[in-house]
Amino acid sequence: MTSEAIRPCIAVVMGVSGAGKTTVANLLAAHLGWEMLEGDDLHPPENIAKMASGHPLTDADRKPWLESIARWISARVEAGGSAVVTCSALKRSYRDVLRQAVAGHPEATLIFVYLHGSPEELHRRLVERKHHYMHASMLDSQLATLEQPTGEPDAVTIDIGGTPREVVAAAAAAVETRRDG
């Protein structure tokens, strides 16, 4: 039995839109050899339509989405596997929903990889991004909602100012340290 089967690990790559969650998660999953889920794929169509029309999601809108991600995480942990998933996880209460997915599994490690950047950098990235329903105009609402995971022992903050390779290297080191620790 591999150590992964003994100690499943879930890395939640989190942050506001434009932080690079998908890019980092894909590269991190490839580096670790783990499965990866783009959490936005689990949004109900109503949520996507709401965001595409420039309206921020409410806690009620996010609840079924977070529960879907939590079920996905729980299934990976139950199977003994490790994975990377993207999720904005803007509030501590949202992260708590995801934490419940590993409750009852003391062998599992859950780590939140918070991608942090300046509002100016995030806005620049959103303006340059093509073919995404999340518009740059929504950044302010996300930043207003964001509760940074300061003081949460299962979270690590990674600055997005470096190259994708540098950001992923920092994220991988944090995940591997937590998983092996």
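Keep in mind that the numbers below use all heavy atoms, side chains included, and drop hydrogens, waters and symmetry copies.
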For a quick test of reading the model, state the closest non-hydrogen atom pair linking [X] to [Y] and the distance between them.
X      : Y      : result
Ala60  : Pro64  : O-CD, 3.3 Å
Pro149 : Tyr114 : CD-CD2, 3.6 Å
Val77  : Ala108 : CG1-CB, 3.8 Å
Val175 : Ala11  : CG2-CB, 4.0 Å

Trace of the salt bridge (charged side-chain N to carboxylate O under 4.0 Å, His left out) decision for Glu121 with Arg125: CA-CA 6 Å; Glu121 173 69 8; Arg125 288 175 173 208; 2.9 Å; yes
Are the side chain of [X] and the backbone N or O of [Y] linked by a donor-acceptor pair below 3.5 Å?
X      : Y      : answer
Arg76  : Ile10  : no
Gln148 : Thr150 : no
Arg95  : Ala89  : yes
Gln100 : Val97  : no
Thr86  : Gly39  : yes

Reference residue Val16; test side chain to side chain contact (heavy atoms under 4.5 Å, CB included); the match among Leu146, Leu126, Asp140: Leu146
Of Val113, Leu110, Ile111, the residue whose pairing with Val12 passes side chain to side chain contact (heavy atoms under 4.5 Å, CB included): Leu110
Salt bridge (charged side-chain N to carboxylate O under 4.0 Å, His left out) between Glu46 and Lys50, worked out: CA-CA 6 Å; Glu46 308 81 52; Lys50 189 172 185 177; over 6 Å; no
So how far is it from [X] [atom1] to [Y] [atom2], rounded to the nearest 0.5 Å?
X      : Y      : atom1 : atom2 : answer
Glu147 : Arg92  : CD    : CZ    : 9.0 Å
Thr23  : Leu28  : OG1   : CG    : 12.0 Å
Phe112 : Asp154 : CZ    : CG    : 5.5 Å
Asn26  : Met36  : CG    : CE    : 4.0 Å
Ser82  : Glu35  : OG    : CD    : 10.5 Å
Ser68  : Arg62  : OG    : CZ    : 14.5 Å

Are a donor atom and an acceptor atom from the side chains of [X] and [Y] found within less than 3.5 Å of each other?
X      : Y      : value
Ser17  : Gln142 : no
Thr58  : Asp61  : yes
Thr109 : Arg7   : yes

Worked verdict on Asp40 versus Lys21 for salt bridge (charged side-chain N to carboxylate O under 4.0 Å, His left out): CA-CA 10 Å; Asp40 283 349; Lys21 293 183 297 290; over 6 Å; no
With a 4.5 Å limit on heavy-atom distance, are the side chains of [X] and [Y] in contact?
X      : Y      : result
Leu98  : Ile73  : yes
Pro8   : His105 : no
Leu143 : Leu122 : yes

Audit row: Glu176, Arg179, salt bridge (charged side-chain N to carboxylate O under 4.0 Å, His left out) steps and yes/no: CA-CA 5 Å; Glu176 291 166 344; Arg179 180 178 180 211; over 6 Å; no
side-chain hydrogen bond (donor to acceptor under 3.5 Å, both in side chains) assessment of Ser74 paired with Arg71: CA-CA 5 Å; Ser74 182; Arg71 282 191 299 276; over 6 Å; no
Residue pair Val13, Leu115: steps toward the side chain to side chain contact (heavy atoms under 4.5 Å, CB included) verdict: CA-CA 7 Å; Val13 179; Leu115 301 179; 3.6 Å; yes
Salt bridge (Lys or Arg N to Asp or Glu O under 4.0 Å) partners of Asp159, counting only residues at least two apart: none
Pairs satisfying ring-ring contact (aromatic ring centres under 6.0 Å, His included), at least one member in residues 65-102, at least two apart: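 Residue pairs passing ring-ring contact (aromatic ring centres under 6.0 Å, His included), neighbours aside: His43-Trp65.
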